[in-house]
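Here is the naming used below: chain letters follow the sequence lines, and residue numbers restart at 1 for every chain. Atoms considered below: every heavy atom in the structure, side chains included; atoms not considered: hydrogens, waters and symmetry mates.
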Number of protein chains: 2
Amino acid sequence: MKSEELCPRFESGMELLSKRWTGLIIFRLLEGSQRFSELESSLPISGRLLSERLKELEAAGIATRTVYPDTPVRIEYELTEKGRALHPVITSIREWAEKWVTPDEPAPTK
Amino acid sequence: MKSEELCPRFESGMELLSKRWTGLIIFRLLEGSQRFSELESSLPISGRLLSERLKELEAAGIATRTVYPDTPVRIEYELTEKGRALHPVITSIREWAEKWVTPDEPAPTK
DNA sequence: ATATGAGGTTACGAAAAGTAACAAGTATAT
DNA sequence: ATATACTTGTTACTTTTCGTAACCTCATAT
């Protein structure tokens, strides 16, 4: 278990993106800012994990959290420039998936 | 927790790629076929998980396993066409990481 | 017969994910 | 004043996945 010669930035970035749900959340946020409940209802993720992931994305400088004191309160999550820079990544994954993932492929090996 | 309108292929592909270590393994295999021990020593992953991930990649049609009955036995893992098609994905992640991940960023929020 | 090297597997404790119930803040309705 | 509703989370608890280390198999070499 040594890691020699792996670019540490690549490794670090990969670790971030390879956390479960992160990619799908970013995919959604690339469409524009989203509220907590919008993300929750549009992704197969639970509130607990969504909350956790959004905090991580904030901490990583990929997304921002803005509170609008409407009633009831409205909170919008939005990508930063660093986050929007992930567009090509998401696009290339989608292109690969459209070409190579068969629709009935239910999920990776269980 | 509903998932409406998300392209199921994208979601499925994302789930595959977002499994821990999968990206780094594919990164290595893009450099050419690799033996089990080469992967194990060049990545910070344990034998148990490496074995598990390689089986998943095989099952997903992304990598192949070839046994050469040398002595001691030599087993090579190699990407299929579907696996090699992930080159743009890995490249775009690396480009993003080089531009946006700071070297001291140790790992995503703990 | 014992040792060596590659490629794993097994067993088990630790960490992360999934689920469901509940809580805080604010506004409107009674 | 009290109750109800809505959004955004949090807490408590169970299940799945990960990480570590010890062990196994097969083939040759000593």
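Residues forming a salt bridge (Lys or Arg N to Asp or Glu O under 4.0 Å) with Glu58(B) (at least two apart in sequence, or on another chain): none. Residues satisfying the side chain to side chain contact (heavy atoms under 4.5 Å, CB included) test with Glu38(A), not counting sequence neighbours, are Gln34(A), Arg35(A). Residues forming a side chain to side chain contact (heavy atoms under 4.5 Å, CB included) with Arg20(B) (at least two apart in sequence, or on another chain): Glu15(A), Arg53(B).
Within the model, atoms CD1 of Ile62(A) and CG of Leu54(A) stand 11.5 Å from one another, a figure rounded to the nearest 0.5 Å.
Separating the CD atom of Glu38(B) from the C1' atom of dG5(C) is a distance of 15 Å, rounded to the nearest angstrom. If you take CG of Leu50(A) and P of dG9(D), they are 9 Å apart, rounded to a whole angstrom. Spacing between atom CG of Leu43(B) and atom P of dC18(D) amounts to 15 Å, rounded to whole angstrom units. At whole-Å resolution of the value, CD in Gln34(B) and C1' in dG7(C) are 15 Å apart. Rounding to whole angstrom units, CD1 of residue Ile45(A) and P of dT10(D) are separated by 14 Å.
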All N/O contacts under 3.5 Å from nucleotides 21-26 of chain C to the protein, with atom names and distances to one decimal?
none

Filtered N/O pairs between nucleotides 8-11 of chain C and protein, under 3.5 Å:
| residue | atom | partner | partner atom | Å |
| --- | --- | --- | --- | --- |
| dG8(C) | OP1 | Arg65(B) | NE | 3.3 |
| dG8(C) | OP1 | Arg65(B) | NH2 | 2.6 |
| dG8(C) | OP2 | Tyr77(B) | OH | 2.6 |
| dT9(C) | OP1 | Lys55(B) | NZ | 3.1 |
| dT9(C) | OP2 | Ser51(B) | OG | 2.7 |
| dT9(C) | OP2 | Lys55(B) | NZ | 3.1 |

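Using a cut-off of 4.0 Å between Lys/Arg side-chain N and Asp/Glu carboxylate O, Glu31(A) and Arg28(A) are scored as salt-bridged. A salt bridge links Arg48(B) with Glu52(B); the closest basic N to acidic carboxylate O contact falls under 4.0 Å.
Between the side chain of Ser51(B) and the backbone N or O of Gly47(B) there is no donor-acceptor pair closer than 3.5 Å. Side-chain N or O atoms of Arg94(B) include none that pairs as donor or acceptor with a backbone N or O of Phe10(A) at under 3.5 Å. Judged by distance alone, the side chain of Trp96(B) and the main-chain N or O of Lys82(A) form a donor-acceptor pair under 3.5 Å.
In plain terms, the two heavy atoms of Leu17(B) and Thr22(B) that are nearest each other are O-CB, 4.2 Å.
Distances shorter than 4.0 Å separate some side-chain N or O of Arg53(B) from OP1 or OP2 on dC18(D). Dashed line: the shortest gap from a side-chain N or O of Trp21(B) to OP1 or OP2 of dG19(D) is under 4.0 Å.
Among dA6(C), dG19(D), dT8(D), the nucleotide with an atom closest to any side-chain atom of Leu49(B) is dG19(D).
When the local axes at the two ends of the helix from dA1(C)-dT30(D) to dT30(C)-dA1(D) are compared, using 5 base pairs at each end, they differ in direction by 30° after rounding to 10°.
Side-chain contact between Trp21(B) and Leu43(B): absent, with no pair of heavy atoms (C-beta onward) separated by less than 4.5 Å.
For the pair Ser37(A) and Arg20(A), both in contact range of DNA chain D, the more 5′-proximal nearest nucleotide belongs to Ser37(A).
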